[in-house]
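One structure is given here, and the rest of the page talks about it.
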Amino acid sequence: MSAKPSVGFVNEASRQILAGGSAGLVEICLMHPLDVVKTRLFGFYKGILPPILAETPKRAVKFFTFEQYKKLLGYVSLSPALTFAVAGLGSGLTEAIVVNPFEVVKVGLQANRNRFTEEVLHRGHQPSTMSYARHIIKKEGLGLGGLNKGFTATLGRHGVFNMVYFGFYFNVKNIIPVNKDPTLEFLRKFGIGLLSGTIASVINIPFDVAKSRIQGPQPVPGEIKYKTCFKTMATVYQEEGILALYKGLLPKIMRLGPGGAVMLLVYEYTYSWLQENW
């Protein structure tokens with residue numbers, strides 16, 4: 001008797017992970033050209049493998065943990081509206097714990113691109129992701145000053161985004177009546193998903209700016225100006241004005257608005273198909 005719930009959970013979790021991973025895969029394949037078009041008019045899918053390898057498991061974690069938190073919150077008698085938002089917050093915080101070390105390495109590699117280009121020219125090689133991660137650990141450690149630099153800002157970025165993203169989507173979707181026409185129903189969901197990704201991007205971007213400042217190169221070498229999340233936001237606001245906290249908002253909306261809609265739809269349709277066929 002005890003084996004049945006376990007098997008049921010494994011099947012359910014497998015469907016959620018596969019559907020979430022599929023959502024991330026499709027989103028990257030559709031939206032990656034937007035990143036490439038900034039610098040070139042051809043080769044839209046050049047360099048797509050690293051984002052696929054990074055984003056697919058990350059999205060699997062996002063959707064799987066959202067479903068599990070939603071299930072757990074069902075036992076504490078929260079309203080359905082609040083359940084979606086809190087489950088989204090939980091999934092975002094969990095996602096942040098997983099991705100923050102990778103973000104530190106990615107930002108570091110991007111910030112030192114010119115130096116690495118010189119190394120390629122002079123030595124014929126460029127540091128790999130793993131070698132750069134080892135360099136950070138050796139020099140700065142695993143803590144908030146090293147491989148987990150900017151951790152609180154990453155928690156804020158992912159937690160706030162997913163709280164709004166999932167909370168808005170599922171609550172609004174439940175309010176607006178289902179359309180019997182499949183095409184119109186698809187457009188209904190896509191429109192709500194587009195708004196979800198857009199609104200979440202607008203609300204969470206100050207955390208994104210703070211994360212980039214903390215994890216990126218400091219203005220004065222050897223001096224740590226940007227250290228904690230909210231202090232960094234306050235410094236940016238005082239020195240550069242409110243608009244500096246929304247720097248990069250347009251390209252972010254262009255990516256995460258439609259990208260967020262794509263992920264939600266792919267997840268829902270894939271999960272439904274897996275329920276029926278697997």
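Basis for what follows: all heavy atoms, side chains included, without hydrogens, waters or symmetry-related copies.
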Using atom types as modelled and distance alone, determine if a side-chain donor or acceptor of [X] lies under 3.5 Å from a backbone N or O of [Y].
{"X": "Gln218", "Y": "Ile224", "answer": "no"}
{"X": "Tyr132", "Y": "Val105", "answer": "no"}
{"X": "Arg157", "Y": "Asn204", "answer": "no"}
{"X": "Thr65", "Y": "Lys62", "answer": "yes"}

How long is the gap from [atom1] on [X] to [atom2] on [Y], to the nearest 0.5 Å?
{"X": "Tyr269", "Y": "Leu274", "atom1": "OH", "atom2": "CG", "value": "15.0 Å"}
{"X": "Glu185", "Y": "Asp181", "atom1": "CD", "atom2": "CG", "value": "9.5 Å"}
{"X": "Thr56", "Y": "Leu25", "atom1": "OG1", "atom2": "CG", "value": "5.0 Å"}
{"X": "Leu18", "Y": "Thr270", "atom1": "CG", "atom2": "OG1", "value": "9.5 Å"}
{"X": "Met263", "Y": "Glu27", "atom1": "CE", "atom2": "CD", "value": "5.0 Å"}
{"X": "Asn148", "Y": "Gln215", "atom1": "CG", "atom2": "CD", "value": "9.0 Å"}

Looking at every heavy atom in both [X] and [Y], which two are closest together, and how far apart are they?
{"X": "Val107", "Y": "Lys211", "result": "CG2-NZ, 3.9 Å"}
{"X": "Ser91", "Y": "Asn162", "result": "OG-CB, 3.9 Å"}
{"X": "Val209", "Y": "Lys247", "result": "CG2-O, 4.1 Å"}
{"X": "Thr232", "Y": "Ala210", "result": "CG2-CA, 3.9 Å"}
{"X": "Leu73", "Y": "Thr83", "result": "CD1-O, 3.7 Å"}
{"X": "Val99", "Y": "Lys58", "result": "CG1-CD, 3.0 Å"}

Are side-chain heavy atoms of [X] and [Y] found at a separation under 4.5 Å?
{"X": "Glu67", "Y": "Tyr271", "answer": "no"}
{"X": "Pro206", "Y": "Tyr237", "answer": "no"}
{"X": "Lys252", "Y": "Asp208", "answer": "yes"}
{"X": "Ile214", "Y": "Lys227", "answer": "no"}

| query | How far apart are the C-alpha atoms of Leu245 and Ile205, what are their side-chain angles, what is the distance that settles it, and do they pass the side chain to side chain contact (heavy atoms under 4.5 Å, CB included) test? | reply | CA-CA 7 Å; Leu245 290 171; Ile205 195 169; over 6 Å; no
Do the side chains of [X] and [Y] join up, straight or via other hydrophobic residues, at under 4.5 Å, putting them in one cluster?
{"X": "Leu147", "Y": "Phe151", "answer": "no"}
{"X": "Phe230", "Y": "Tyr246", "answer": "yes"}
{"X": "Val160", "Y": "Leu264", "answer": "yes"}
{"X": "Leu187", "Y": "Phe168", "answer": "yes"}
{"X": "Tyr165", "Y": "Val262", "answer": "yes"}

Results of side-chain hydrogen bond (donor to acceptor under 3.5 Å, both in side chains) for [X] - residues two or more places apart only:
{"X": "Gln16", "result": "Gln68"}
{"X": "Asn171", "result": "none"}
{"X": "Gln275", "result": "none"}

| task | Using the test side chain to side chain contact (heavy atoms under 4.5 Å, CB included), find all partners of Ala96 that sit at least two apart in sequence or belong to another chain. | result | Thr154, Leu155, His158
Partners of [X] by salt bridge (Lys or Arg N to Asp or Glu O under 4.0 Å), sequence neighbours excluded?
{"X": "Lys225", "result": "Glu239"}
{"X": "Lys71", "result": "Glu12"}
{"X": "Lys106", "result": "Glu103"}
{"X": "Arg213", "result": "Glu240"}

| query | Does anything in residues 258-278 pair up under salt bridge (charged side-chain N to carboxylate O under 4.0 Å, His left out), and if so which pairs, sequence neighbours excluded? | reply |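 Salt bridge (charged side-chain N to carboxylate O under 4.0 Å, His left out) check on residues 258-278 returns Lys173-Glu268, Lys189-Glu268.
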| task | For the pair Phe207 and Cys229, evaluate side chain to side chain contact (heavy atoms under 4.5 Å, CB included) and give the outcome as yes or no after the intermediate values. | result | CA-CA 7 Å; Phe207 291 97; Cys229 178; 3.6 Å; yes
| note | Quick note, ring-ring contact (aromatic ring centres under 6.0 Å, His included) partners involving residues 68-94, not counting sequence neighbours, are Phe84-Phe170
| field | Pairs flagged by ring-ring contact (aromatic ring centres under 6.0 Å, His included) wherever residues 172-203 is involved - sequence neighbours left out | value |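 Passing the test, one end in residues 172-203: no pairs.
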| message | If you count heavy atoms of other groups shown closer than 6.0 angstrom to CG of Leu243, is the number above 12? | response | no
| said: Walk me through whether Ile97 and Leu93 qualify under side chain to side chain contact (heavy atoms under 4.5 Å, CB included). | reply: CA-CA 6 Å; Ile97 294 169; Leu93 296 177; 5.6 Å; no
| query | Ring centres of Phe166 and Phe63 under 6.0 Å apart? | reply | yes
Residues 191-202, side-chain donor-acceptor partners within the protein, below 3.5 Å, at least two apart:
from	atom 1	to	atom 2	distance (Å)
Ser196	OG	Tyr169	N	3.4
Ser196	OG	Ile192	O	2.8
Thr198	OG1	Leu194	O	2.8
Ser201	OG	Gly197	O	2.7

